[in-house]
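Here the structure comes first, spelled out in structure tokens, and everything after it is commentary.
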Amino acid sequence: MRRQRHPFAHERGRASFGPFGGFGEFPPGFGPGGGRGRGHGPGRRGHGGRRSRRGDVRAAILALLAEQPRHGYEIIREIGERSGGFWRPSPGSVYPTLQLLADEGLVISKDEHGKKLFELTDAGRTAAEEQDSTPPWEQIAQDVDASEVGLAKAGKNLAAAVVQIMRAGTESQQARAAEVLNDARRSLYGILGEDEDESSAPSEEAAE
């Protein structure tokens with residue numbers, strides 16, 4: 001029996017989008033997404049840890065398609081960029097939602113150079129107009145702490161510096177950069193292992 005092909009299978013398995021390229025999946029806030037990266041390093045998860053943010057994928061798709069027709073991977077990329085990298089829905093949530101919207105008569109698709117291009121029907125435009133005026137990616141971004149925004153920005157700037165070292169650095173400079181990054185990684189994991197109350201308490205010398 002021939003296995004049925006998923007209607008959007010040709011757009012699955014694409015590489016992650018965003019400023020990190022070949023660096024693979026990054027933790028929350030450091031990728032486009034955010035969707036938020038998979039796999040966290042060692043260390044315990046304290047009370048300050050956050051679960052990956054999830055927005056309303058259906059509402060986001062309708063809002064984006066109301067602007068212009070888009071491919072599935074463009075929808076994922078736009079959500080990641082507009083949320084500042086704090087929400088990047090997975091293909092496993094976007095493509096089934098597109099299929100559901102198509103079943104409801106809100107979205108249609110057409111082939112464009114071997115890729116599916118999605119656009120709203122008249123009913124879909126009506127549904128998009130009836131939504132909350134605040135896009136779901138803005139609701140996600142508004143819920144982010146300032147400290148988390150600063151950390152994400154620092155991570156992106158660091159990644160940009162690494163790219164420059166890889167492109168323009170000599171062999172010895174790249175080796176030194178690797179040592180710096182390894183030291184930084186160990187220091188970050190050390191921070192995760194600290195007790196937050198102890199790390200914020202004044203030192204004995206300062207108390208004297």
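Side chains of K116 and D111 form a contact here, defined as non-hydrogen atoms less than 4.5 Å apart. At a threshold of 4.5 Å between non-hydrogen side-chain atoms, the residues I61 and L101 count as touching. Two residues are said to be in side-chain contact when any heavy atoms from C-beta on lie closer than 4.5 Å; P136 and W87 meet this criterion. At a threshold of 4.5 Å between non-hydrogen side-chain atoms, the residues R88 and I76 count as touching. Inter-residue side-chain proximity for Y95 and L100 is flagged as unmet; no heavy-atom pair is nearer than 4.5 Å. Inter-residue side-chain proximity for E171 and Q174 is flagged as unmet; no heavy-atom pair is nearer than 4.5 Å.
Across L65 and R70, no two heavy atoms sit closer than the pair CD2-N, 3.7 Å. Nearest heavy atom pair, residue A168 against residue Q173, reads O-OE1, 4.5 Å. A60 and I79 get closest at one heavy-atom pair: CB-CD1, 3.7 Å. When all heavy atoms of G105 and A123 are compared, the closest pair comes out as O-CB, 4.1 Å. Closest approach of V94 and G72 over heavy atoms only: CG1-O, 4.4 Å.
No more than 12 heavy atoms of other residues, nucleotides or ligands lie within 6.0 Å of CZ in R176, so this atom counts as exposed by the packing criterion. Atom CG of D103 has more than 12 neighbouring heavy atoms from other residues, nucleotides or ligands inside a 6.0 Å radius.
Between the side chain of S93 and the backbone N or O of P89 there is no donor-acceptor pair closer than 3.5 Å.
Looking at R82 and E138, no side-chain N of the basic residue comes within less than 4.0 Å of a carboxylate O on the acidic one, giving no salt bridge. Checked for salt-bridge contact, E74 and K115 miss the test: no charged N lies under 4.0 Å from a carboxylate O. Salt-bridge formation is not detected for the pair E179/R186: no Lys NZ or Arg NE/NH1/NH2 atom is positioned less than 4.0 Å from an Asp or Glu carboxylate oxygen.
Hydrophobic clustering, with ILVMFWY side chains joined whenever heavy atoms are under 4.5 angstrom apart, keeps L158 apart from V180.
In this structure, CG in L98 is found 11.0 Å from CG in L106, a value given to the nearest 0.5 Å. If you take CG on L117 and CD on Q68, they are separated by 9.0 Å, rounding to the nearest 0.5 Å. The distance from the CH2 atom of W137 to the CD atom of E78 is 8.0 Å, given to the nearest 0.5 Å.
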Applying salt bridge (charged side-chain N to carboxylate O under 4.0 Å, His left out), run through R58 and E104 and close with a yes or a no.
-> CA-CA 12 Å; R58 177 190 177 95; E104 294 176 3; 2.8 Å; yes

Assess whether side chain to side chain contact (heavy atoms under 4.5 Å, CB included) is satisfied between L120 and I108, documenting all intermediate values.
-> CA-CA 6 Å; L120 295 180; I108 58 174; over 6 Å; no

